[in-house]
Amino acid sequence: MKFNYKNLNACPNEIIMPKYNLEHMRKATCEHPIWLHFGAGNIFRGYIARLQDDLLNLNLTDRGIIAAETFDEEIIEKIYKPYDNLVLLTTLYASKDPQFRSIGSIAEGVQASNTKRLEEIIIDPSLQMLSFTITEKGYNLYSLTGEFLGVVSEDIKNGPANPKHVMSIITSLLYKRFLKGAYPLAVVSMDNCSHNGEKLKNAILTIAKHWYEKKYVTSEFILYLENEGKITFPWSMIDKITPRPAISIAEQLHRLGLENMSPITTAKKTFIAPFVNAEECEYLVIEDAFPNGRPPLERVGVYFTTRETVNQVETMKVTTCLNPLHTALAVYGCLLGYTSIAEEMDNPTLKKLIEGIGAEGMKVVVHPKIIDPKIFLEEVIKKRLPNKSIPDTPQRIATDTSQKIPVRYGETIKAYLANSKLSLEELKYIPMAIAGWCRYLLGRDDAHKTFQRSADPMLEDLTDILKNVIDTNEYQGELKNILNNEKIFGLDLTQTVLYNVIENYFKDMLAKGAIEQLLKQLIS
């Protein structure tokens, strides 16, 4: 049978069903929405939507979420509409069978090109939250040269009438809300990036101020965006692994009797399925700044706290306890021929590497009080990363690494520089992770076989810098033109003692079979 609203009550007993009336929820939500979310992918469907589903099941709300997609509208057409906006969530446990659950909290899926519907939603006074999972690059307005991206320049030139960039679209929608009645709203980034609320606010204000200069909007609109009694940009920290959909899960669902569970690849190369496979561990910490109210998400495990605490939790995670470990496993996994993060954890050398990276970061981490960094790190190393039920790949994690390094490693390096009791000479595992990424950029594994590098906005430029590097004999100091890039590392590494350390590691990894050998030497 097909997985849709019509067949919901006939689904196999193994699938947990919603306890609330979907029809009533959808009608109430579409008429007077409280939550609009941009970014209709896996982390939204497998975590954020499930949180609201929990509230609905507990009878703590009568509204769901409206999902909008700006990057890949085919997701709405092929993954939302045929399944009546239902999601089949598969929670993957390390030591027991997966749990299947139908998530019904997504009341509607909207393509960004449907501007009329988005305007209807944004001007409703009942709307409390506009949230995002669009990845860090979704907030970026600038090219590598520091100039506006072409699409952003066009949006600034043309004004709010027909914007194309996601940040321009949001700014235009907020202008509609301002014109209708200047209603309050929380604009919440839930993306996995440092100071996400600040990035979001800066992007929107930048576009709005340029529109004001061109007389497309009034100064009162700028004041509306800057008035925290009206518009807020809460910071948040999110953590839950929702990897690419696994074919094995689709097959399992087919065996249960569901006939339309296979993943698809869209024209924009999004690999997505009607189901989401996700780990059991999860964290969502949000600055409690909601001028128009919010759902009681604290009742289902979300932490609401101060901006300072959110920043501490986020810093703990992305600079020490998870993200830098993930990146190291990603680049070395590709170099050593792995296709599973969990399988890498069976390699004692790689396990020691990430333990060392975590220990180096732990020396400068700030304890956020609500979550213990030591317990968090131990959970990551002993429970989360080794979970073989999670079909996560180093190739997926390696995506956009140039955009992640300034926070994942650069912030720890800067913290060492700022601490008079610490020295950069103490670091050996973090430099090894950076050197591994530089070696990854060559696109040849440890056996010197070529492999497909993951997408990265800087990949073309970085490849050009290293194009003549084949082995140690051909290396002519090209790495300097990467390690001096403050946009990548957050500082100029060539002006630190780490420059020679990283360069030597890099050179030592150029020979065939040298990567595994160097890792073993480092650990020993």
Side-chain angles (χ1 to χ4, degrees), residues 319-320 324-325 327-332 334-336 349-350 352-364 401-402 404-446 448 456 458 461-524:
T319 69
T320 301
L325 282 59
T327 291
L329 288 173
V331 297
Y332 280 106
C334 294
L335 289 169
L336 297 176
T349 305
L350 292 176
K352 286 284 188 181
L353 172 65
I354 65 166
E355 288 174 343
I357 292 171
E360 289 176 345
M362 199 62 73
K363 292 182 180 180
V364 293
T401 300
S402 70
K404 302 168 181 175
I405 280 182
V407 174
R408 299 189 179 191
Y409 301 119
E411 290 301 313
T412 296
I413 293 170
K414 287 189 284 186
Y416 268 72
L417 287 170
N419 192 324
S420 60
K421 296 181 181 179
L422 297 173
S423 168
L424 289 184
E425 294 177 352
E426 299 175 40
L427 298 177
K428 66 174 183 177
Y429 297 103
I430 288 176
M432 189 68 178
I434 294 172
W437 175 62
C438 295
R439 173 64 178 78
Y440 164 92
L441 292 172
L442 299 181
R444 298 190 305 277
D445 65 17
D446 202 20
H448 282 200
D456 189 304
M458 295 187 70
D461 293 336
L462 294 167
T463 300
D464 188 60
I465 291 172
L466 297 173
K467 63 184 178 182
N468 295 321
V469 179
I470 305 298
D471 58 33
T472 309
N473 296 326
E474 279 80 21
Y475 178 70
Q476 300 294 325
E478 290 90 344
L479 212 59
K480 182 176 183 179
N481 293 323
I482 294 177
L483 298 181
N484 66 3
N485 192 325
E486 295 187 21
K487 288 184 178 179
I488 298 178
F489 301 100
L491 72 166
D492 182 350
L493 289 179
T494 64
Q495 300 302 308
T496 72
V497 296
L498 295 181
Y499 173 44
N500 288 332
V501 177
I502 295 169
E503 185 179 49
N504 287 334
Y505 283 155
F506 176 77
K507 290 191 292 185
D508 287 344
M509 286 191 283
L510 291 175
K512 191 175 182 179
I515 298 174
E516 183 86 51
Q517 182 180 352
L518 180 62
L519 280 168
K520 289 179 179 178
Q521 290 174 357
L522 176 72
I523 300 307
S524 65

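All of these numbers come straight from a predicted model, not from anything done at the bench.
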Novice: Hey, what do you get for CZ (R439) to OH (Y332), rounding to the nearest 0.5 Å?
Specialist: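 One finds 9.5 Å between CZ of R439 and OH of Y332.
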
Novice: Checking N484 side chain against T494 main chain: does a donor-acceptor pair fall under 3.5 Å?
Specialist: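 Pair absent, no side-chain N/O of N484 close to backbone of T494.
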
Novice: If we ignore hydrogens and angles and just use 3.5 Å, is the side chain of T412 paired with the main-chain N or O of T319 as donor and acceptor?
Specialist: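 Checking the backbone N and O of T319 against the side chain of T412, a donor-acceptor pair under 3.5 Å is found.
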
Novice: Say whether, by atom type as modelled, one donor and one acceptor occur between the side chain of H448 and the main chain of L510 under 3.5 angstrom.
Specialist: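 At least one qualifying donor-acceptor pair exists.
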
Novice: Is there a donor-acceptor pair under 3.5 Å between the side chain of D456 and the backbone N or O of T401?
Specialist: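 It does hold such a pair.
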
Novice: Quick one: pull up CG in L519 and CG in D508 and give me the separation to the nearest 0.5 Å.
Specialist: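 The CG atom of L519 sits 11.5 Å away from the CG atom of D508.
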
Novice: Checking N485 side chain against D492 main chain: does a donor-acceptor pair fall under 3.5 Å?
Specialist: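 Absent.
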
Novice: Do you know which two heavy atoms are closest between L498 and P431, and how far apart they sit?
Specialist: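 In this case the closest contact between L498 and P431 is CD2-CG, 3.8 Å.
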
Novice: Distance from M458 atom CE to I488 atom CD1, nearest 0.5 Å?
Specialist: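 Interatomic distance, M458 CE to I488 CD1, rounded to 0.5 Å: 3.5 Å.
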
Novice: Do E503 and Y475 have side-chain N/O donor and acceptor atoms under 3.5 Å apart?
Specialist: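 Looking only at side-chain atoms, Y475 and E503 do form a donor-acceptor pair, the distance falling under 3.5 Å.
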
Novice: In the structure I gave you, are the side-chain heavy atoms of T349 and K520 within less than 4.5 Å of one another anywhere?
Specialist: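 Of all side-chain heavy-atom pairs linking K520 with T349, at least one is under 4.5 Å.
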
Novice: Considering non-hydrogen atoms only, spot the tightest contact between I354 and A328 and give its length.
Specialist: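 The answer is CG2-CB, 4.4 Å.
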
Novice: Closest approach of F489 and I405, non-hydrogen atoms and distance?
Specialist: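 Taking F489 first and I405 second, the nearest heavy atoms are CD2-CG2, 3.4 Å.
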
Novice: In Å and rounded to the nearest 0.5 Å, what is the CD to OH distance from E355 to Y429?
Specialist: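 It is 9.0 Å, given to the nearest 0.5 Å.
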
Novice: Would you indicate whether K428, at its atom NZ, is surrounded by more than 12 heavy atoms from other residues, nucleotides or ligands within a distance under 6.0 Å?
Specialist: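 Yes - once you tally the heavy atoms of other residues, nucleotides and ligands closer than 6.0 Å, there are more than 12.
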
Novice: More than 12 foreign heavy atoms under 6.0 Å from NZ of K487: is that the case here?
Specialist: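 Yes, the 6.0 Å shell around NZ holds more than 12 heavy atoms from other groups.
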
Novice: Output yes when a side-chain donor or acceptor of T496 lies under 3.5 Å from a complementary backbone atom of L493, and no otherwise.
Specialist: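 Confirmed, T496 side chain pairs with L493 backbone.
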
Novice: Say whether, by atom type as modelled, one donor and one acceptor occur between the side chain of R408 and the main chain of L325 under 3.5 angstrom.
Specialist: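 Checked: no pair found.
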
Novice: Return yes if some donor-acceptor pair links the side-chain N/O of D446 with the main-chain N/O of E516 below 3.5 Å, else return no.
Specialist: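 Yes, D446 side chain to E516 backbone: donor-acceptor pair under 3.5 Å.
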
Novice: Counting only N and O atoms by type, is there a donor-acceptor contact under 3.5 Å from the side chain of Y409 to the main-chain atoms of P324?
Specialist: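 Yes; judged by distance alone, with no hydrogens or angles, the pair exists.
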
Novice: Could you measure the distance from the CG atom of L427 to the CD atom of E360? Nearest 0.5 Å is fine.
Specialist: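 Rounded to the nearest 0.5 Å, the CG-CD separation comes out at 4.5 Å.
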
Novice: As an exercise, state the distance from OH of Y440 to SG of C334, rounded to the nearest 0.5 Å.
Specialist: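 SG of C334 is found 5.0 Å from OH of Y440.
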
